[in-house]
K.L.:
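Here you go, one structure.
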Number of protein chains: 2
Amino acid sequence: MTASRQVAPARSAAPSAPSGPSAPSATATAPWDELPARIRARGLRWTPQRRILLEVLSRSEGHVTGAELVERCRAADPSTVPSTVYRTLDVLEELGIVQHAHGADGREEFHVLPVSQHGHLHCLGCHQSWEISSDEAAALGRVLERERGFAMDLSHLTVSGHCRACGGDG
Amino acid sequence: MTASRQVAPARSAAPSAPSGPSAPSATATAPWDELPARIRARGLRWTPQRRILLEVLSRSEGHVTGAELVERCRAADPSTVPSTVYRTLDVLEELGIVQHAHGADGREEFHVLPVSQHGHLHCLGCHQSWEISSDEAAALGRVLERERGFAMDLSHLTVSGHCRACGGDG
DNA sequence: GATCCTATTGCAACGCGTTGCAGTTACGCA
DNA sequence: TGCGTAACTGCAACGCGTTGCAATAGGATC
């Protein structure tokens, strides 16, 4: 048995969205090529481990859990260790390459190349998830801003509840 | 050194709210007394371990993390094991005694005796947290309901961002 | 009070993620 | 090309939370 590349950990399936289509992974200007330079320009280093993670990320779309990324890196290089992956993800987050959030179950989810700020919707019934556009969350943002001076970070938002199919409608 | 009852794990300080005062732990009708009966009525059992957790909970207000509850139970009975605490919390959640959510860092937080549905606001700068009333979240709820038929579970909502003091205002 | 059924417990192991530390290595510079 | 520094890696251990399993013990019934 090889390192089976388990992709969906049974609790965070994120299939196609029924009403809100997901962004088709535009790969805008392929920032992957410039990354080594950007990294070095910051005094950071371009290592084989980082290259592998970047390759994995460049093939990913939507949300990926940390564990999934570790698994995929391990498929590319069995000697991969989790701590390196997570630390590299931290670095990449500072560079704006990924953005992390916490799913409804508290697990970390990474979003690759955040095209636009968006939150997540998670159904407690069927465990599907969808994206919330900034438009939709705008009202909440405005209320918090106006009444509390609180600047919401949409990308970190996960709203749980029940979708139409699972009894969302009365 | 005894089992030091560490209360604030340094990453989820939740002091008094600056604009939204927290509910003053009304202890409405003290449901603690009826609990043994309610539990037995369901075919469940009233055990010493559950009694201890209930005592701990009855002395808690606001949000408590799972680890904190384990710690406090251990203070009352050093032989307490985490799995029992967490399993009992599951049972109590079904009975409506507690409600769990995931904080901004993904850790579990339990809310004792949820007086009214409310979400949480978490400042990424100072790590304070406040409650979001259902009024405030209503707009978001309406949008999701109308456009997606999605029934938001407010109690599970944590909004991250920056408060006024930490740069929330432009 | 004795008996029986099964809910519950404690244990041990696991999974995800983080952290401290010592050894390694990328890479700027002479 | 060789050198030096500090960024990075891998390891080991930890913390939080979950799960499977065998043993225990509520509590209903007689």
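Throughout, a chain's letter reflects where its sequence line sits, starting with A, and its residues are numbered from 1.
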K.L.:
Figure out the CG/C1' separation between B/D90 and D/dT18, and round it to whole Å.
P.N.:
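About 9 Å, once rounded to whole Å.
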
K.L.:
Between atom CD in A/E108 and atom P in D/dG17, what is the gap in whole Å?
P.N.:
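After rounding, the gap between these two atoms is 15 Å.
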
K.L.:
Between B/S133 and B/D135, do the side chains contain an N or O donor and an N or O acceptor separated by less than 3.5 Å?
P.N.:
no

K.L.:
State, yes or no, whether a side-chain contact exists between A/H122 and A/W130 at a heavy-atom distance under 4.5 Å.
P.N.:
no

K.L.:
Can you say whether the rings of A/H118 and A/H63 are parallel (under 30°), tilted (30 to 60°) or perpendicular (over 60°)?
P.N.:
tilted

K.L.:
Do B/R50 and B/T84 have side-chain N/O donor and acceptor atoms under 3.5 Å apart?
P.N.:
no

K.L.:
Does B/Q49 place a side-chain N or O at less than 4.0 Å from the phosphate oxygens OP1/OP2 of D/dA25?
P.N.:
no

K.L.:
Would you say the side-chain atoms of B/E93 and B/H100 include a donor-acceptor pair closer than 3.5 Å?
P.N.:
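Yes, side-chain donor-acceptor contact under 3.5 Å.
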
K.L.:
Rounded to the Å, how far apart are B/R38 CZ and C/dA7 P?
P.N.:
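Computing the B/R38:CZ to C/dA7:P distance gives 19 Å.
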
K.L.:
With under 30° as parallel and over 60° as perpendicular, where do the rings of A/F110 and A/Y86 fit, or are they tilted in between?
P.N.:
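Tilted, since the angle between the ring planes falls between 30° and 60°.
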
K.L.:
For A/G43, answer base if it contacts any base atom (sugar-phosphate contacts may also be present), sugar-phosphate if it contacts only those atoms, and nothing otherwise; contact means non-hydrogen atoms under 4.0 Å.
P.N.:
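Counting heavy atoms under 4.0 Å across all strands, the contact made by A/G43 is with sugar-phosphate only.
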
K.L.:
As a quick check of understanding, evaluate side chain to side chain contact (heavy atoms under 4.5 Å, CB included) for A/H111 and A/H120, giving each step before the final call.
P.N.:
CA-CA 11 Å; A/H111 200 271; A/H120 293 113; 4.0 Å; yes

K.L.:
Would you please name every residue forming a side-chain hydrogen bond (donor to acceptor under 3.5 Å, both in side chains) with B/S155, sequence neighbours left out?
P.N.:
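Partners of B/S155 under the side-chain hydrogen bond (donor to acceptor under 3.5 Å, both in side chains) test: B/D153.
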
K.L.:
Take atom CZ of B/R107 and atom C1' of C/dC16, then tell me their distance rounded to the nearest Å.
P.N.:
12 Å

K.L.:
How long is the line joining CZ of A/R74 and C1' of D/dG10, in whole Å?
P.N.:
12 Å

K.L.:
With heavy-atom distances below 4.5 Å as the criterion, would you say the side chains of A/I132 and B/F150 are in contact?
P.N.:
no

K.L.:
Can you check each nucleotide of nucleotides 23-30 of chain C against protein heavy atoms at under 4.0 Å and return B for base, S for sugar-phosphate only, - for none, in 5' to 3' order?
P.N.:
--BBS---

K.L.:
From CZ of B/R50 over to P of C/dG10, roughly how many Å is that when rounded to an integer?
P.N.:
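It is 11 Å, rounded to the nearest whole Å.
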
K.L.:
Scan residues 78-87 of chain A against DNA chain D and write down, sorted by residue number, each residue with any heavy atom closer than 4.0 Å; if none is found, say none.
P.N.:
A/V81, A/S83, A/T84, A/R87

K.L.:
Please report, rounded to the nearest Å, how far the C1' atom of D/dG15 is from the CD atom of B/E71.
P.N.:
12 Å

K.L.:
Check the distance between C/dT9's C1' and B/L89's CG and give it to me in whole angstrom.
P.N.:
15 Å

